[in-house]
Amino acid sequence: MIKQSNFGKMPDGTIVEKFCLTNHQGSSVEILNLGGIIHRWLIPNKQNKHTDIVLGYDTVNDYLADDSFLGALIGRYANRINKGKFTLAGKKYQTDINLGDNCLHGGSQGFNSKVWQCTVLSDADNPSIMLTLSSPDGDQGFPGEIKVKVIYTLTEQNRLKIEYLAAAEQTTLYNPTNHSYFNLSGHNSGSVEADQIQLLASHYTPTDERAIPTGEIAEVDNTPFDLRELTAISQPLASNHQQIAYGNGLDHNLCLDAYAPQTKVAFYAGKAISQNSDVVLKVYTNMPGIQIFTANHFENKKGKDSVLYQAHQGVCFETQFYPDSPNQPHFPSATLEANKEFYSVTEYEILF
Ligand code: BGC
């Protein structure tokens, strides 16, 4: 079932709509056509109530003022591009710079800040919507017009499947993700440090102090990034490893072992388990990397129901091409060739 309602208004008066996808298991996901934001994800709990497992805001203005991309679709390029500079097909480009001297998550007016067109694809079992957006040539400094589609499907198996499609007339870059912050005990339940995580990655991309990859693809052995066995989030956060200091916590790209170029099938990448073990999140993707981010800079951030979010009260699993890949030729490429179709898929499965 899908219920559509009015969520609010953009500064220019455009209506922001909310689409609530509900399956027969009693789960529902609320998605805004603003930024394709996953606003709420409710799952049944033992108290015969619902737990909302993602962080978010109450109003359009709060989402627009947000610099943490809560729940949003990211484009054109998730994560950082060093100084916003890259060369493509022999031409140099300069993108918008919006964090320090780098481009983060597609620039200051990225896909997260746009109102997308939304169509209901299926209103019955496995409710599904399609969001579309056209980004003009030169948008935030990126070359070529690109037409993107994102399909959200809430399956009857409690998987939220996110499919990203795109095509461009001119060769460009595309590296989409979703920036949901999960708190499996509830968005208002405090720290996730006692939750456990597992990521099937034996390598990661170390960064400099500006969070830009050095180019090394390093082994995770004997580092806080060895998360191949279930590990409490508090453990890497407590490490005195230099990378943890640089990221002010976990804010790093892990290279997923199961990645195979060209595959369109989502493989198992990792999971998180709530501290009381009631809820499990499993992540599947066909992308090569995952940025694990523990909301390190949150401080009294006023979220939904006026809850004040603090550091480490949410965790993101941002499936992606590695950060700054346009400047690291040995990283899997985020180049989208002219007139070729882009497809990627990430699935978040909730077991409760
Ligand atoms: C980045 C962080 C950033 C956060 C919110 C994450 O994907 O890696 O460094 O602070 O997004 O903007």
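Order of listing sets the numbers, starting from 1, for every ligand and every atom in it. Here the structure is a predicted model, which means the values were calculated and not measured.
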Within the 6.0 Å centroid threshold, strictly below: Phe182 and Tyr348: yes

Validation: residues 106-113 side-chain donor-acceptor distances under 3.5 Å, sequence neighbours left out:
residue, atom, partner, partner atom, Å
Ser108, OG, Asp96, OD2, 2.6
Ser113, OG, Gly110, O, 2.8

Those residues with a heavy-atom separation under 4.0 Å from ligand 1 are Asp67, Ser68, Phe69, Arg80, Leu104, His105, His179, Tyr181, Asp251, Gln291, Phe293, His297, Glu318

Looking only at side-chain N and O atoms, does Asn248 offer a donor or acceptor that is under 3.5 Å from a partner on His297? no

Kindly state each residue pair satisfying ring pair (Phe, Tyr, Trp, His ring centres under 6.0 Å) with at least one member in residues 195-222, sequence neighbours excluded. Tyr204-Phe225

Hey, do the aromatic rings of Tyr164 and Tyr174 have their centres closer than 6.0 Å? no

Go through the structure and list residues passing salt bridge (charged side-chain N to carboxylate O under 4.0 Å, His left out) with Glu349, not counting sequence neighbours. Arg159

